[in-house]
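Chain letters run A, B, ... following the sequence lines, proteins first and then strands; every chain starts at 1. Please read these numbers as outputs of a predicted model, since none were measured by experiment. No hydrogens, no waters, no symmetry mates; every other heavy atom, side chains included, goes into these values.
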Amino acid sequence: MKYFLIFLIAIAVFISAIEVVVAQHSVRKLFVEIQELEKKYDELNDSWGRLQLEQSTWATDDRIEIRARTELGMIEPGADSLKLLMQ
Amino acid sequence: MKNQSNTQSYPARRKLLIGCFMTITVLLLWRAIDLHVISNDFLRDHGDSRSLRVVGIHAHRGMIVDRNHEPLAISTPVATVGAAPREILTEETGVSRLADVLAIDAGYLKQLLRDRVGRDFIYLKRHITPDQSDIIRSLSIRGVHLQREFKRYYPAGEVTSHLIGFTNVDDEGQEGLELAYDEWLKGSPGLKRVLKDSLGRTVQNIESIQSSEPGKQLVLSIDRRVQYLAYRELAAAVSKHKAKGGSLVMLDAKTGEVMALVGQPSYNPNNRSGLKGEQYRNRAVTDVFEPGSTVKPFTIAAALTSGIYGLDSRIDTSPGYLLVNDHPIREDNNHNYGNIDLARIISKSSNVGASKIALSLGPERIWNMFSSFGLGHITGSGYPGESAGIFSHYQSWSEIDLATIAFGHGIAVTTLQLTQAYSILAADGLLRPVSFLKLDEPVAGRRVLPAIIASQIKSMLEAAAGVDGTGNRAKVAGYRVAGKTGTAHKPTIGGYAVDRYRSLFAGFAPVSDPRLVLVVMIDEPQGSQHYGGQVAAPVFSHVMKGALRILNVPPDDLGSIHGQVIMAQVKSNYNQDLK
């Protein structure tokens with residue numbers, strides 16, 4: 001009986017040792033995965049910031065007004081050309 | 001017989017074994033000496049090439065946006081060149097190639113590196129362009145590495161520069177709201193342990209010690225479109241009248257939020273080389289000036305509050321000047337308005353009328369009323385460096401001081417203060433603190449003036465901006481506007497300059513339910529036109545017209561645009577369809 005228990009414990013120790021290795025391996029794998037995702041996250045964040053900046057710069061009121069007046073020949077309608085709709 | 005061991009000694013074998021062991025020992029000793037003494041440098045370099053370091057994780061600075069979440073300040077990653085001087089100097093060609101890319105003199109760069117050979121790390125050039133960083137990365141020079149840093153960009157450029165301010169090269173706020181809300185915007189950096197290679201590049205992250213927290217977004221109260229409109233109109237007016245500068249502030253009458261705040265001259269925050277102090281000073285908040293006639297409504301408010309004067313009280317302003325202790329107080333252009341009521345004192349802007357009222361009320365009443373309107377106090381906006389103006393206690397006022405303070409000389413205010421003061425009139429007597437941030441909840445405000453008196457003064461101001469008043473050019477088609485002109489002589493040594501003025505207009509619209517308060521100040525307009533009604537009132541008109549339209553404020557003076565109004569009959573289920 002005693003030897004049987006010792007044998008069981010030995011098996012258990014052996015299995016837990018294997019588990020340690022497996023766990024460590026999966027930790028490393030997951031860590032690498034996290035690294036990749038974080039890098040991707042940073043890159044996307046940077047990209048988003050740059051796009052917002054680009055959009056704001058293109059849509060600057062100053063630029064739009066100049067282009068509207070010079071290239072498209074648009075004007076602000078005078079008070080006489082406006083009609084007000086009241087509801 | 002079996003137990004007898006063969007104890008024959010073989011001296012040769014013994015010596016051989018001992019010899020072998022000795023040889024191995026000597027070899028080991030030799031190897032030890034070799035490793036520790038002879039190849040020390042070589043091995044240390046190899047050890048350095050694999051090194052474990054703790055580095056900071058940069059926290060992303062929060063974005064600044066306007067009330068509609070349009071970006072006004074964004075951080076973008078840029079590369080910075082760092083170097084270990086000792087390592088670069090080992091390779092001469094590297095230095096010259098580096099100098100080429102960075103557009104610095106090669107000799108200067110070499111000297112710089114030699115001077116700092118003792119240091120482990122120096123910055124070579126911060127915030128380089130993406131093209132330059134690509135080239136440097138491909139060159140792979142020993143001891144040179146690229147660091148990721150952030151640079152702040154301001155899409156609205158000079159339009160919002162005074163308000164937002166800017167950051168320095170280390171991404172710390174220096175001026176304006178970038179400085180005031182630096183803690184909120186900057187977040188907190190993290191720490192991580194990494195493995196670096198010989199070029200200083202991070203090859204592997206080992207562990208994250210502390211995660212970084214990004215900065216929070218700052219939502220401003222301004223509307224970018226209104227800000228742009230205000231900037232454009234102010235710049236046009238300053239240019240047209242060849243003025244030294246100007247400032248403009250627009251507040252929301254119901255919440256105290258800043259809708260627009262601009263100043264001239266301005267600067268480009270994205271390229272600050274050659275910046276002069278007068279360009280980046282936020283005049284609207286830090287510069288003080290004598291408000292002149294724009295304080296007359298406050299004098300009238302004191303008169304009405306005291307109970308001594310009423311709407312039908314009359315003041316005799318003949319013969320058009322008043323002598324106070326041998327100092328003459330005159331009307332503009334030596335007019336004589338005769339016997340007039342309070343409303344006319346405002347609509348015609350009578351100095352004599354205002355002085356007489358103030359002298360009869362006494363300094364304490366005037367001081368209390370002006371103080372309630374915010375003179376001598378900061379507005380509570382939180383802007384760094386905001387001035388409280390100049391407003392001395394009435395105990396130090398002489399009689400002539402009292403008489404001139406009644407029409408705005410001898411005291412000084414900022415454009416922001418004056419706008420807040422007029423917002424009290426627009427809000428029926430409630431004082432609200434100025435807010436540069438968008439407010440989500442309504443602000444109660446504190447009552448400083450009875451509503452009925454505020455309403456009476458509103459009517460007087462409407463007349464002042466009407467056909468008969470000095471502020472006629474501030475009108476906006478379709479809306480009722482109210483406001484007061486001011487033309488203040490600029491103070492100089494020994495008195496006031498004869499021909500240097502500040503042109504002012506302060507007002508609000510629409511009068512039936514005021515939404516926006518606007519003050520325009522033009523500093524030293526040149527040429528024949530210098531009255532507030534000529535120089536500042538038209539700016540008020542253009543900016544107010546555009547702002548009311550942008551913010552969808554319905555017109556309240558349909559009579560004036562009668563020909564353009566179409567009254568539509570709407571079917572009752574239309575609104576249901578919209579939901």
Side-chain angles (χ1 to χ4, degrees), chain A residues 17 19-87, chain B residues 57-58 60-61 63 65-66 69-78 130 148 150-159 192 194 202 204-208 211 214 224-229 231-232 270 476-478 545-546 549 554-555 558 560-570 574-575:
Chain A
E19 289 290 331
V20 166
V21 176
V22 168
Q24 225 172 19
H25 178 69
S26 77
V27 161
R28 294 215 175 107
K29 258 180 62 179
L30 286 172
F31 190 74
V32 169
E33 208 179 315
I34 289 177
Q35 291 304 300
E36 311 256 298
L37 288 173
E38 275 188 1
K39 200 169 138 200
K40 198 139 189 241
Y41 173 79
D42 281 340
E43 276 168 26
L44 287 172
N45 237 353
D46 288 346
S47 193
W48 183 68
R50 261 194 294 266
L51 288 170
Q52 278 194 308
L53 190 57
E54 196 179 336
Q55 191 216 356
S56 308
T57 315
W58 288 129
T60 314
D61 302 89
D62 194 18
R63 192 179 158 271
I64 302 282
E65 181 173 355
I66 291 174
R67 288 195 71 173
R69 286 189 199 271
T70 58
E71 289 178 32
L72 298 172
M74 296 172 82
I75 51 164
E76 258 180 271
D80 332 329
S81 329
L82 292 172
K83 290 262 186 263
L84 213 59
L85 278 165
M86 301 294 291
Q87 289 179 345
Chain B
I57 307 173
H58 187 102
H60 198 105
R61 193 174 175 86
M63 209 162 69
V65 296
D66 83 336
H69 296 273
E70 296 284 334
L72 297 172
I74 310 179
S75 287
T76 302
V78 289
R148 190 163 165 266
F150 285 87
K151 189 174 146 100
R152 206 82 159 143
Y153 281 103
Y154 304 96
E158 51 189 28
V159 172
K192 64 179 177 181
V194 297
T202 304
Q204 191 186 340
N205 288 340
I206 303 296
E207 65 167 310
S208 157
S211 59
R224 202 186 68 175
R225 301 165 294 176
V226 177
Q227 176 88 355
Y228 169 67
L229 169 69
Y231 181 83
R232 196 189 68 191
N270 295 314
V476 177
K545 179 178 100 167
R549 184 188 58 79
L558 298 175
S560 69
I561 48 167
H562 183 69
Q564 296 159 243
V565 179
I566 299 173
M567 299 294 244
Q569 190 69 21
V570 182
Y574 177 63
N575 286 329

Side-chain heavy atoms of Met63(B) within contact of Ile74(B), under 4.5 Å: yes

Evaluation steps, salt bridge (Lys or Arg N to Asp or Glu O under 4.0 Å), between Glu36(A) and Lys40(A): CA-CA 6 Å; Glu36(A) 311 256 298; Lys40(A) 198 139 189 241; over 6 Å; no

Largest heavy-atom contact set with chain B, pairs under 4.5 Å, which of Thr60(A), Thr57(A), Leu53(A): Leu53(A)

Choice from Tyr153(B), Tyr231(B), Phe150(B), Tyr228(B) maximising heavy atom contacts with chain A below 4.5 Å: Tyr228(B)

Heavy-atom pair count under 4.5 Å with chain A, highest-scoring of Arg232(B), Arg225(B), Lys545(B): Arg232(B)

Contact check, side chains of Gln55(A) and Glu70(B), non-hydrogen atoms, under 4.5 Å: no

Residue pair Glu54(A) / Trp58(A), side-chain donor-acceptor N/O under 3.5 Å: yes

Proximity breakdown for Glu38(A) and chain B, heavy-atom pairs closer than 4.5 Å: neither

Lys29(A) side, atom NZ; Ile34(A) side, atom CD1 - distance, nearest 0.5 Å: 13.5 Å

Proximity breakdown for Arg148(B) and chain A, heavy-atom pairs closer than 4.5 Å: side chain

Structural part of Asp62(A) lying under 4.5 Å from a heavy atom of chain B: both

